A.B. asks: 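Questions regarding the structure given below will be posed in turn.
Residue numbers run from 1 in the order of the sequence given. One-based numbering, in listed order, for ligands and for the atoms of each. What you see is a predicted model; the values in this text were computed from it and never measured.
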Amino acid sequence: MSAPKYTLVHGFKCGPGLVNLEDSLSYEAQADDLFISTYPKCGTTWAQLIVTRILNNGNLPEEFMQIGVDGVSPFLEMCGKQAVIDKKKRHGMHAFAIKLHLPFELSPKHPTAKYIVVMRNAKDTCVSSYHHQKMYQIYGIGDMDFHSFFKFWIAGETEAGDYFDFNLSWWNHRKDPNVLILMYEEMKTDASANIVRIAEFLGQGYADMLTANENQILKQIVQETSFEATKKQLADSGFDGKGGEADFARKGIIGDWRNHFTDEESRIVDQKFHRKWDGTGLEKMWDKYCIFGKGV
Ligand code: A3P
């Protein structure tokens with residue numbers, strides 16, 4: 001059994017497939033760029049699909065059907081800056097967002113560029129990361145069991161590094177007018193309200209478009225980005241389902257951690273959660289979901 005693989009670039013633990021991180025760090029953000037930046041497995045794909053539909057009148061144009069590197073949103077650290085620039089030339093910047101798995105400090109900056117961040121509770125994120133890394137040989141974890149993976153994940157010894165530091169880097173900018181922070185759990189609880197929030201953040205015209213004709217386009221986007229619809233779309237496009245089990249749409253629930261964690265592992269997360277976040281406000285964000293104990 002070997003540790004999860006990553007590449008260290010400027011001190012950041014970059015996913016092993018992200019061959020263009022170095023190049024992407026010199027991408028010059030433009031005034032009207034839109035980024036979706038998440039810690040891996042927090043709902044990136046879901047946000048990408050919602051945003052692309054909002055930007056395209058509720059539809060997902062054919063050329064954005066593929067979720068991979070250069071599909072619905074180009075993944076900057078994977079496809080590199082030239083691919084993003086080329087895609088902007090082809091489609092204009094108002095048709096898609098750029099995907100990042102970067103903390104605030106390393107993300108391309110422009111004072112009027114917009115940044116959408118999705119956060120998800122630490123325990124489900126860890127479980128989702130485990131299943132993701134088991135699917136792809138490049139991570140090198142082989143058939144490692146969850147409990148072994150947990151030790152690496154909680155120590156920040158895996159792609160994107162420490163979950164708590166990464167999310168705090170964005171949370172510290174939650175009041176910036178060009179940063180929108182979404183919670184995966186809130187999106188699950190009320191997709192419609194969160195889709196409207198995204199549209200308002202993108203511009204009132206988008207929100208008006210969604211709610212015209214008794215919410216016609218809003219209802220369409222809710223339905224077409226539901227977990228079931230996403231799972232089908234990813235399978236149909238050949239993106240998910242490799243090796244039998246779909247991945248980017250695996251279970252899509254709140255609370256799968258209860259099927260994986262021991263009491264001790266849960267307590268270890270609780271402790272770190274409070275040590276890293278107490279006093280920041282982030283420690284209150286999952287109160288109503290009964291996920292985190294006191295951790296003492
Ligand atoms: P699980 O592994 O817990 O099922 P990312 O896109 O950042 O890699 O995140 C993947 C996680 O988001 C997976 O979680 C996946 O199932 C979930 N997901 C993807 N599409 C979703 C949707 N439409 N609704 C809810 N969850 C979704």
A.B. asks: With heavy atoms under 4.0 Å as the rule, classify the contact between Phe248 and ligand 1 as side chain, backbone, both or neither.
C.D. replies: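 Both backbone and side chain.
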A.B. asks: Taking distance alone, with N or O pairs closer than 3.5 Å, would you say Tyr39 contacts ligand 1?
C.D. replies: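 No - when backbone and side-chain N and O of Tyr39 are compared with those of ligand 1, no distance drops under 3.5 Å.
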A.B. asks: Under 3.5 Å, N or O to N or O, is Asp124 touching ligand 1 that way?
C.D. replies: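 Between Asp124 and ligand 1 (N or O atoms, distance only) the closest approach is not under 3.5 Å.
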A.B. asks: Do Tyr289 and Asp124 get their side chains close enough for a donor-acceptor pair, meaning under 3.5 Å?
C.D. replies: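 Their side chains do not contain a donor-acceptor pair, so the 3.5 Å distance test is not met.
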A.B. asks: Among all protein heavy atoms, pick out the one at the shortest distance from atom 14 (O) of ligand 1; state its residue, atom name and that distance to 0.1 Å.
C.D. replies: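 The answer is Arg120 NH1, 3.1 Å.
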A.B. asks: Return yes or no for this condition: an N or O of His101 is under 3.5 Å from an N or O of ligand 1.
C.D. replies: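 No - when backbone and side-chain N and O of His101 are compared with those of ligand 1, no distance drops under 3.5 Å.
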A.B. asks: Suppose we call two aromatic rings close when their centres sit under 6.0 Å apart. Are Tyr39 and Trp170 close by that rule?
C.D. replies: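 Aromatic pair excluded; centres sit 6.0 Å or further apart.
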A.B. asks: What protein heavy atom is closest to atom 7 (O) of ligand 1, reported as residue, atom name and distance in Å?
C.D. replies: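 Residue, atom and distance for the closest contact: Thr44 OG1, 2.4 Å.
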A.B. asks: Is a salt bridge present between Lys188 and Glu185, judged by a nitrogen-to-oxygen distance below 4.0 Å?
C.D. replies: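 Here Lys188 does not pair with Glu185 in a salt bridge, since their nearest N and O are not under 4.0 Å apart.
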A.B. asks: Against heavy atoms of Ser226, which atoms of ligand 1 measure under 4.0 Å?
C.D. replies: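 Those of ligand 1 that fall under 4.0 Å from Ser226 are 23 (N).
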A.B. asks: Would you say Glu28 and His110 are linked by a side-chain donor-acceptor pair, where the criterion is simply a distance under 3.5 Å?
C.D. replies: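 On atom types as modelled, these side chains do not qualify, holding no pair under 3.5 Å.
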A.B. asks: Heavy atoms only, cut-off 4.0 Å: how does Thr45 contact ligand 1, side chain, backbone, both, or neither?
C.D. replies: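 Answer for Thr45: both.
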A.B. asks: Taking the six-membered ring of Phe96 as reference, does the cationic atom of Lys87 (NZ for Lys, CZ for Arg) lie under 6.0 Å from its centre and within 45° of its axis?
C.D. replies: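 Yes - Lys87 lies over the ring of Phe96, closer than 6.0 Å to its centre and within 45° of its axis.
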A.B. asks: Kindly indicate whether a cation-pi arrangement holds for Lys251 with Phe227, taking the cut-offs as under 6.0 Å to the six-membered ring centre and within 45° of the axis.
C.D. replies: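 Verdict for Phe227: no cation-pi partner in Lys251.
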A.B. asks: Does Glu157 CD have over 12 foreign heavy atoms under 6.0 Å away?
C.D. replies: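 Yes - once you tally the heavy atoms of other residues, nucleotides and ligands closer than 6.0 Å, there are more than 12.
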A.B. asks: Nearest protein heavy-atom contact for atom 13 (C) of ligand 1: which residue, which atom, what distance?
C.D. replies: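 Atom 13 (C) of ligand 1 sits closest to the protein heavy atom Ser128 OG, 3.7 Å.
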A.B. asks: Numbering the atoms of ligand 1 from 1, which are under 4.0 Å from a heavy atom of Ala249?
C.D. replies: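 Heavy-atom distances to Ala249 below 4.0 Å select 15 (C), 16 (O).
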A.B. asks: Say whether His132 and ligand 1 are in contact under the criterion: heavy-atom distance to a ligand atom below 4.0 Å.
C.D. replies: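 No; His132 lies far enough from ligand 1 that no heavy-atom distance drops under 4.0 Å.
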A.B. asks: Regarding Asp270 and Lys123, does a basic nitrogen lie under 4.0 Å from an acidic carboxylate oxygen?
C.D. replies: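 Result for this pair is yes, salt bridge flagged.
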A.B. asks: Below 3.5 Å, N or O to N or O, backbone or side chain included: is there any such pair between Cys42 and ligand 1?
C.D. replies: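 Checking ligand 1 against Cys42, an N or O pair does fall under 3.5 Å apart.
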A.B. asks: Classify the ring geometry between Phe164 and Trp153 as parallel (under 30°), tilted (30 to 60°) or perpendicular (over 60°).
C.D. replies: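 Perpendicular: the ring planes of Phe164 and Trp153 meet at over 60°.
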A.B. asks: Below 3.5 angstrom, do we get any N/O pair linking Pro40 and ligand 1?
C.D. replies: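 For ligand 1, there is no N or O atom that lies under 3.5 Å from one belonging to Pro40.
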A.B. asks: What are the atoms of ligand 1, with element, lying closer than 4.0 Å to any heavy atom of Thr230?
C.D. replies: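 With Thr230 as reference, the close atoms of ligand 1 come out as 20 (N), 23 (N).
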A.B. asks: Assign the ring pair Phe150 / Phe261 to parallel, tilted or perpendicular, where the plane angle (0 to 90°) is split at 30° and 60°.
C.D. replies: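 Plane angle over 60°, so perpendicular.
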A.B. asks: Could you tell me if Asp263 and Ser266 have a donor-acceptor pair between their side chains, going purely by distance under 3.5 Å?
C.D. replies: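 Asp263 and Ser266 do not have a side-chain donor-acceptor pair below 3.5 Å.
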A.B. asks: Taking heavy atoms and a distance under 4.0 Å, where does Glu224 meet ligand 1: side chain, backbone, both or neither?
C.D. replies: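 Neither; nothing of Glu224 gets under 4.0 Å from ligand 1.
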A.B. asks: Check this for me - ligand 1, Lys188, N or O atoms closer than 3.5 angstrom, yes or no?
C.D. replies: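 No, since none of the N or O atoms of Lys188 sits under 3.5 Å from an N or O of ligand 1.
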A.B. asks: Could you tell me whether Thr225 approaches ligand 1 through its side chain, its backbone, both or neither, with non-hydrogen atoms closer than 4.0 Å?
C.D. replies: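 The backbone, only.
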A.B. asks: Would you mind running through ligand 1 and noting each atom that sits below 4.0 Å from a heavy atom of Gly252?
C.D. replies: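 That gives atoms 1 (P), 4 (O), 16 (O), 26 (N) of ligand 1.
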A.B. asks: Short list, please: which atoms of ligand 1 are under 4.0 Å from a heavy atom of Lys251?
C.D. replies: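 Selected atoms, number and element: 4 (O), 16 (O).
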A.B. asks: Just to confirm my output: which protein heavy-atom neighbour is closest to atom 8 (O) of ligand 1, and how far is it?
C.D. replies: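 I find the closest protein heavy atom is Lys41 NZ, 2.8 Å.
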A.B. asks: Is NZ or CZ of Lys231 both nearer than 6.0 Å to the six-membered ring centre of Phe248 and within 45° of the ring axis?
C.D. replies: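 Judged by the rule, Lys231 and Phe248 form no cation-pi pair.
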A.B. asks: Nearest heavy atom to atom 17 (C) of ligand 1 wins, so pick from Trp46, Tyr184, Tyr130.
C.D. replies: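 Nearest heavy atom to atom 17 (C) of ligand 1 lies in Tyr184.
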A.B. asks: Can you tell me the protein heavy atom closest to atom 16 (O) of ligand 1 and the distance?
C.D. replies: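 Its nearest protein heavy-atom neighbour is Arg250 N, 2.9 Å.
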A.B. asks: Would Glu77 and His101 count as having a side-chain donor-acceptor pair, cut-off 3.5 Å?
C.D. replies: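 No, no side-chain donor-acceptor pair sits under 3.5 Å.
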